[in-house]
Number of protein chains: 2
Amino acid sequence: MLFYIAKRDRIMTPARLWSLGGMDAVGDGVTRWRRVADGIRAAIGDGTVADRLPPEAELAERFGVNRHTVRRAIAALAADGLVRAERGRGTFVSGGAPRLAYEIGPRTRFSENLLAQARRPGGRMLRAAIVPADAETAALLDCAPGTDLHRVESIREADGVPLSVATAWYPAARFPGLVAALVETGSVTEALRREGLADYRRRETRVTAERLSAADAEHLSSSADGLVLVARAVNVDLSGRPVQALVTRFHADRTELVFRS
Amino acid sequence: MLFYIAKRDRIMTPARLWSLGGMDAVGDGVTRWRRVADGIRAAIGDGTVADRLPPEAELAERFGVNRHTVRRAIAALAADGLVRAERGRGTFVSGGAPRLAYEIGPRTRFSENLLAQARRPGGRMLRAAIVPADAETAALLDCAPGTDLHRVESIREADGVPLSVATAWYPAARFPGLVAALVETGSVTEALRREGLADYRRRETRVTAERLSAADAEHLSSSADGLVLVARAVNVDLSGRPVQALVTRFHADRTELVFRS
DNA sequence: TCCGGTTGTCTAGACAATTAGACAAGCGAG
DNA sequence: CTCGCTTGTCTAATTGTCTAGACAACCGGA
């Protein structure tokens, strides 16, 4: 099936909820051209559309919108470099970069992960501070709430393209010079080693999906409002003691998380 | 930090790019009230807002929008049952159900997974057909493209609430009576056992995020346009031979995928 | 009872999104 | 070249979104 054929009544803003105590609420907050763009993007993503898009008139009919709306959707995709329209010929998929397969396992190391795929790892630290542990983080790190933690926020890149923004918490008492070591080495593994931690491994990873916030969008240099894969992880030392709580927000258009059993 | 304080210029739809060779592309296709709603949702999600929301006037200022826009956002959240506005008192978070932690490992079994969390598993088959393997699926199942496959689409529920839509492919020659067995038993594990497969395990899982398509939204009975976590997996028999390719689309608001190492 | 704070409702205007129809411009095949 | 098909451009009208301001209704405490 080529593209989902939206029924007009469905994609249209339904006028329900009117009698519900006076609320304006009508549409779903996403414009039609955006929906169409997402639909086309998905069709390209899963290979339903390989090379050439159906003509605008046909797309308009399939999605149940006006041709101008389709054009706007295509313009957005073209601005992202995903398709390329040629007058008189058609609109063509210009093979976008495939998603980076970020493998997560017991020994997840950012740099190694990227180098294994011939991508150049990079990144920079955004902020570092010492903060008291909130209840949730304390539970993850198996410490008392209020304990001093390093909170380190950073950006990670592949071939210079922002891939994720990560926030990490470390027990400050155990790793006093951590931030300096992170700045100096640029590597979590190496910085922890300097602080006396020979090795660590990942205990668990919890994955959810969210919309890209405006703040993250800036960091990830994402034009369209995209999605993020949120990976919440805990890394432990060899005795099983937590050494790092990690929340990584991966750019969903550029990343795929891989778990092997 | 309570809520992201969007600068007016940022959240506003910028009117640049008009003269850029005739592309309509301007805004991001997401309305402001939707952004505000997502912002509040996120703040509720990560615990920044526990019980009561700041007053509408304050929210309006923080997000840099008019109070009416905030009201519309809140109306949308209220329609989803996430908050509850009380005239004269304030707007309160009405504790939504926590995400179901769906654990994925070598032995991922839907029913066991849910029962382990005291949730009642359910579901139904949507469609079943025999289709020729496309290149991608053939690669996953380690068979020749064009090979006959069972393609089974189904919905899975927790306590009667739709959790995911899944599409599975099985080699038809190896499991001739599979669909009948699935219909009869309602269990993949049991159906495969009847077809002579004693046990299977998961080889790998690849996770991405997408927007909920209109078709999926209907199946997952989601009012707002939500997100899905897409898990692409391969299950193999004990000799390592693929027996099932699986694409599961989890409702992102209701699910969290858990991987232990 | 009064008063400050909060949500609910209404009007009006500016601007963006969408539809509709028409036509120009370019491509490729017969 | 001519014809059919496709993308590019334009105008006009309609509908949706957002802002602005004002006021009503309601709650809780002083």
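By convention in this document, chain letters (A, B, ...) are assigned in the order of the sequence lines, proteins followed by strands, and residues within each chain are numbered from 1.
Nearest to the side-chain atoms of Asn66(A) among the listed nucleotides dT6(D), dG8(C), dA20(C) stands dA20(C). Of the listed nucleotides (dG8(D), dT6(D), dT7(C)), dG8(D) has the atom at the smallest distance from the side chain of Arg87(A). Picking from dT19(C), dT17(D), dG8(C) the nucleotide with the shortest atom distance to the side chain of Trp33(B) gives dT17(D).
Between the side chain of Arg67(A) and the base of dG8(D) there is at least one donor-acceptor pair of N/O atoms closer than 3.5 Å.
Not counting sequence neighbours, the partners of Arg84(B) by the side chain to side chain contact (heavy atoms under 4.5 Å, CB included) test are Glu86(B), Phe92(B), Ser94(B). Under the side chain to side chain contact (heavy atoms under 4.5 Å, CB included) criterion, Arg124(A) pairs with Leu126(A), Ile155(A), Glu157(A), not counting sequence neighbours. Listed by chain and number, the residues in a salt bridge (Lys or Arg N to Asp or Glu O under 4.0 Å) with Arg87(A) amount to none (sequence neighbours excluded). In this view, Thr31(B) and Trp33(B), Arg34(B) satisfy the side chain to side chain contact (heavy atoms under 4.5 Å, CB included) rule, not counting sequence neighbours. Scanning for side chain to side chain contact (heavy atoms under 4.5 Å, CB included) contacts around Thr167(B) gives Arg151(B), Glu153(B), Trp169(B), with sequence neighbours left out. Residues satisfying the salt bridge (Lys or Arg N to Asp or Glu O under 4.0 Å) criterion with Arg99(B), sequence neighbours excluded, are absent altogether. Every residue meeting the salt bridge (Lys or Arg N to Asp or Glu O under 4.0 Å) condition with Asp159(B), not counting sequence neighbours, appears here in chain and number order: Arg119(B).
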Pull out every protein N or O sitting under 3.5 Å from an N or O of nucleotides 28-30 of chain C, one pair per line with the distance.
| residue | atom | partner | partner atom | Å |
| --- | --- | --- | --- | --- |
| dG28(C) | OP1 | Arg89(A) | NH1 | 3.2 |

Under 3.5 Å, which N/O atoms of the protein pair with N/O atoms of nucleotides 10-15 of chain D?
| residue | atom | partner | partner atom | Å |
| --- | --- | --- | --- | --- |
| dC10(D) | N4 | His68(A) | NE2 | 3.0 |

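Under 3.5 Å, the side chains of Thr137(A) and Asp134(A) contain a donor-acceptor pair of N or O atoms.
The CG atom of Leu59(B) sits 11 Å away from the P atom of dT6(C) (whole-angstrom rounding). Glu61(A) has its CD atom 19 Å from the P atom of dT18(C), to the nearest Å. dA25(C) atom P lies 15 Å from atom CZ of Arg71(A), rounded to whole Å. In this entry the distance linking CD of Glu56(A) with C1' of dC23(C) reads 15 Å, nearest Å. The CZ-C1' distance, from Arg35(B) to dT17(D), rounds to 15 Å in whole Å. Between the CZ atom of Arg34(B) and the P atom of dA17(C) there is a distance of 17 Å, given to the nearest Å. Spacing between atom CD of Glu86(A) and atom C1' of dG8(D) amounts to 14 Å, rounded to whole angstrom units. Atom CZ of Arg84(B) is separated from atom C1' of dT6(C) by 15 Å (rounded to the nearest Å).
The phosphate of dG16(D) (OP1 or OP2) has no side-chain N or O of Thr31(B) nearer than 4.0 angstrom. One finds a side-chain N or O of Arg72(B) lying less than 4.0 angstrom from the OP1 or OP2 phosphate oxygen of dT17(D). A sub-4.0 Å separation between OP1 or OP2 of dA17(C) and a side-chain N or O of Thr69(A) is absent. Applying the 4.0 Å criterion to OP1 and OP2 of dT17(D), one finds that Arg32(B) has every side-chain N and O outside that range.
A salt bridge does not link Arg41(B) to Glu210(A): none of the charged side-chain nitrogens sits closer than 4.0 Å to a carboxylate oxygen.
Put simply, the residue from Thr248(B), Thr205(B), Ile104(B) that forms a side-chain contact (heavy atoms from CB on, under 4.5 Å) with Leu257(B) is Ile104(B).
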